[in-house]
Amino acid sequence: MTDDRSSATIEAHSPYSESLEMEVVAATLDEVVLRMPVTRTLTNRNGVLHGGAIMSLADHAAGTATQLRLAEGAATTTLESKTNFLRPIRLGDVAEARPRPLHLGRTTMIWQTDIRRGDGKLAAVVIQTQLVLEWKEPG
């Protein structure tokens with residue numbers, strides 16, 4: 001993290017997010033935006049983005065937003081997540097995630113991540129609690 005927290009950035013990708021072809025559009029204290037194309041491998045039987053893929057996108061976005069706010073030596077993990085699915089996102093479209101903080105505490109952070117389709121319509125809302133913990137290597 002840099003000294004100027006308003007412009008702090010982190011390495012926002014993980015092997016899992018890369019496998020889902022997530023693109024980090026922005027990852028700063030002021031704004032986190034991730035996009036993910038709706039590919040055939042991410043669709044359900046109806047040809048729309050699978051709910052698990054939507055939840056993965058939201059989880060990675062909120063986790064990234066939390067990671068930006070952690071002290072050195074701290075880590076985060078998802079404690080709870082709830083999703084409301086409002087509209088389908090069809091094959092060939094793109095899903096965009098934008099988390100915003102509802103609570104920024106010392107030990108937990110709560111985020112609401114809006115998932116929008118390419119046409120800008122709200123497709124899902126995810127509310128998630130991130131636990132802040134001290135990271136210790138095993139052994």
Point to revise | Nearest non-hydrogen partners of A61 and V32, listed with the distance | key: O-CG1, 3.7 Å

Study note, to complete from the structure: Output for pair (T129 OG1, H103 NE2), nearest 0.5 Å, gives 8.5 Å

Practice item. Take L20 and L57, measure what side chain to side chain contact (heavy atoms under 4.5 Å, CB included) needs, and give me the verdict at the end. Key: CA-CA 9 Å; L20 298 179; L57 178 62; over 6 Å; no

Exercise for review: Identify the two heavy atoms, one from G118 and one from D93, that lie closest to each other, and give their separation to 0.1 Å.
Suggested key: N-OD1, 3.1 Å

Check your understanding: Restricting to pairs with a member in residues 115-128, which pass salt bridge (Lys or Arg N to Asp or Glu O under 4.0 Å), not counting sequence neighbours?
Key -> R117-D119

Point to revise | Any residue meeting side chain to side chain donor-acceptor pair (under 3.5 Å) with T41, in chain and number order, not counting sequence neighbours | key: T39

Point to revise | Atom of T66, atom of W111 and distance for their closest heavy-atom approach | key: OG1-NE1, 2.8 Å

Check your understanding: How many angstroms lie between atom OG1 of T64 and atom CG of L34, to the nearest 0.5 angstrom?
Key -> 5.5 Å

Check your understanding: Does anything in residues 78-89 pair up under salt bridge (Lys or Arg N to Asp or Glu O under 4.0 Å), and if so which pairs, sequence neighbours excluded?
Key -> none

Exercise for review: Please name all residues satisfying side chain to side chain donor-acceptor pair (under 3.5 Å) with Q128, sequence neighbours left out, ordered by chain then number.
Suggested key: D59

Check your understanding: Which distance, rounded to the nearest 0.5 Å, do you find between the CG of L91 and the CG of N46?
Key -> 12.0 Å

Review point. Taking N84 for the side chain and V125 for the main chain, is one N or O donor matched with an acceptor at less than 3.5 Å?
Key: no

Check your understanding: Please walk me through it: do R106 and V132 pass side chain to side chain contact (heavy atoms under 4.5 Å, CB included)?
Key -> CA-CA 7 Å; R106 190 175 44 83; V132 176; over 6 Å; no

Review point. About how many Å separate CG of L68 and OG1 of T28, when rounded to the nearest 0.5 Å?
Key: 7.0 Å

Review point. Which distance, rounded to the nearest 0.5 Å, do you find between the CG of L131 and the OG1 of T107?
Key: 7.0 Å

Exercise for review: Please identify each residue that fulfils salt bridge (Lys or Arg N to Asp or Glu O under 4.0 Å) with E31, with sequence neighbours left out.
Suggested key: R98

Revision key, fill the gap. Residues P99 and A65: closest non-hydrogen pair is CG-CB, 4.1 Å

**Study point:** Side chains of T78 and Q130, donor plus acceptor under 3.5 Å
**Key:** yes

Exercise for review: Please name the pair of heavy atoms, one in A95 and one in I89, separated by the smallest distance, quoted to 0.1 Å.
Suggested key: CB-CD1, 3.8 Å

Practice item. Identify, with sequence neighbours excluded, every residue that meets side chain to side chain donor-acceptor pair (under 3.5 Å) alongside S56. Key: Y16

Check your understanding: Ignoring hydrogens and geometry, is there a side-chain-to-backbone donor-acceptor pair from S17 to S14 under 3.5 Å?
Key -> yes

Revision key, fill the gap. The side-chain contact (heavy atoms from CB on, under 4.5 Å) partner of T43 among V48, V38, L49 is V38

Point to revise | Value rounded to 0.5 Å, distance of CD in E96 from CD in E23 | key: 9.5 Å

Exercise for review: Tell me, with the steps shown, if L42 and H50 meet side chain to side chain contact (heavy atoms under 4.5 Å, CB included).
Suggested key: CA-CA 6 Å; L42 297 180; H50 191 283; 5.7 Å; no

Check your understanding: Looking only at heavy atoms, what is the nearest atom pair of V126 and S81, with distance?
Key -> CG1-OG, 3.6 Å

